[in-house]
Amino acid sequence: DQQVKQNSPSLSVQEGRISILNCDYTNSMFDYFLWYKKYPAEGPTFLISISSIKDKNEDGRFTVFLNKSAKHLSLHIVPSQPGDSAVYFCAASDLTVLPIMEYGNKLVFGAGTILRVKS
Amino acid sequence: NAGVTQTPKFQVLKTGQSMTLQCAQDMNHNSMYWYRQDPGMGLRLIYYSASEGTTDKGEVPNGYNVSRLNKREFSLRLESAAPSQTSVYFCASSESTQATSSQATQYFGPGTRLTVL
C-alpha cells in the first residue's frame, strides 16, 4: 500500500518555463512533507519542506504548495534551468505520534519523478 | 564538515557472501537510517536508530542486521547476500532531539551500489 504516490514517472520542460511536480498521500496523520533532489550516482539532497500548518513555502525558485483536504502537494520550479534536471522525490512524515528522540522520524518516499529541462 | 559518508561506493558479491556497509556522520545527529533504492520504488527504510544504543526495523528489514557503533557510526550487515539485495543503499541522519520540522529533516550520504551475482 503506497502511502505516498508520485504518479508521473517523468516530466519534460523547456528552459525558463515552470516545472510542476505532483505528489499525493493517503495517510492523514502525515504532518511534515519534504522534497529531495537526486542526481545520478549521488545521494538525495534536501530541497524544501513544508509543515502541515502552512499551505505554501518558498525558497528562491522553489515553492511547495500543500492542499491538506486533497492530500496533495506540489513543487513549482520557476524558472526551470538545465541544472534542475534530476529525479525529485516527495517524502512525508508524522512527527506527532511518537517521541522523536525515542523513535526517530521515519520518512515515507514516493517513487520519484524524473525532470528533464531542455535548453 | 563531510556530512554523511559511506563506504564502499561499489561492491560486487556472490550469493551467500557477507559484507558490512559503513556509514558515519559528523553533524552530531541523534538518529540514523538505512534505505535501499530500487528502480520505480523510491527509497524504502531498512533499519533505523533513533538514538545511540537503539535500533529498530523499518519497512524491509529481512536479510539485514545493523549496529549503532556510537553516535557517529551506523553499519548495515548482509549475512548471506541474495540477488534480491542488489540495490543502491543510502544512509541518512537527522538531528531529532525535538519534534520540530527542521530537526526531522534527513541528510543523505552518497550511496553504495551493491550487486549480488
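Computed from a prediction, not measured in an experiment: that's the story for all the values here. Residue numbers start from 1 in every chain, and the chains themselves are labelled A, B, ... in the order their sequence lines are given, proteins ahead of strands.
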Using a 6.0 Å cut-off, check whether atom CZ of B:Arg113 has over 12 heavy atoms from anything other than its own residue. no
What is the minimum heavy-atom distance between A:Ala111 and B:Gly40, and which atoms define it? CB-O, 3.5 Å
What closest approach, in Å, do B:Gly42 and A:Phe89 show between heavy atoms, and which atom pair accounts for it? CA-CE2, 3.7 Å
Can you confirm whether A:Tyr32 sits close enough to B:Thr105 that some side-chain heavy atom of one is under 4.5 Å from a side-chain heavy atom of the other? yes
Using heavy-atom distances under 4.5 Å, tell me whether A:Ala41 contacts chain B through its side chain, its backbone, both, or neither. backbone
Starting from A:Leu75, can I reach A:Val78 by hopping between I/L/V/M/F/W/Y residues whose side chains sit under 4.5 Å apart? no
From B:Tyr35 OH over to A:Phe109 CZ, what is the distance, rounded to the nearest 0.5 angstrom? 5.0 Å
Cut-off 4.5 Å, heavy atoms of chain A, and the answer for B:Leu43 is both
Rounded to the nearest 0.5 Å, how far apart are NZ of A:Lys106 and OH of B:Tyr33? 10.0 Å
Heavy-atom count around A:Arg61 CZ within 6.0 Å, excluding the residue itself: above 12? yes
Under 6.0 Å from the CZ atom of B:Arg77, do we count more than 12 heavy atoms belonging to anything else shown? yes
With a 4.5 angstrom heavy-atom cut-off, is it the side chain or the backbone of B:Gln37 that approaches chain A, or both, or neither? side chain
So if you build clusters from Ile, Leu, Val, Met, Phe, Trp, Tyr with side-chain heavy-atom gaps below 4.5 Å, do B:Leu114 and B:Met41 land together? no
Flag yes if B:Leu45 and B:Phe74 sit in one hydrophobic cluster, no otherwise; membership is Ile, Leu, Val, Met, Phe, Trp, Tyr, and two members link when side-chain heavy atoms are under 4.5 Å apart. no
With a 4.5 angstrom heavy-atom cut-off, which part of A:Leu107 approaches chain B: side chain, backbone, both or neither? both
Heavy-atom closest pair, residues B:Phe90 and A:Lys38: CZ-CE, 3.4 Å
Crowded around A:Lys68 NZ? As in, over 12 foreign heavy atoms under 6.0 Å? yes
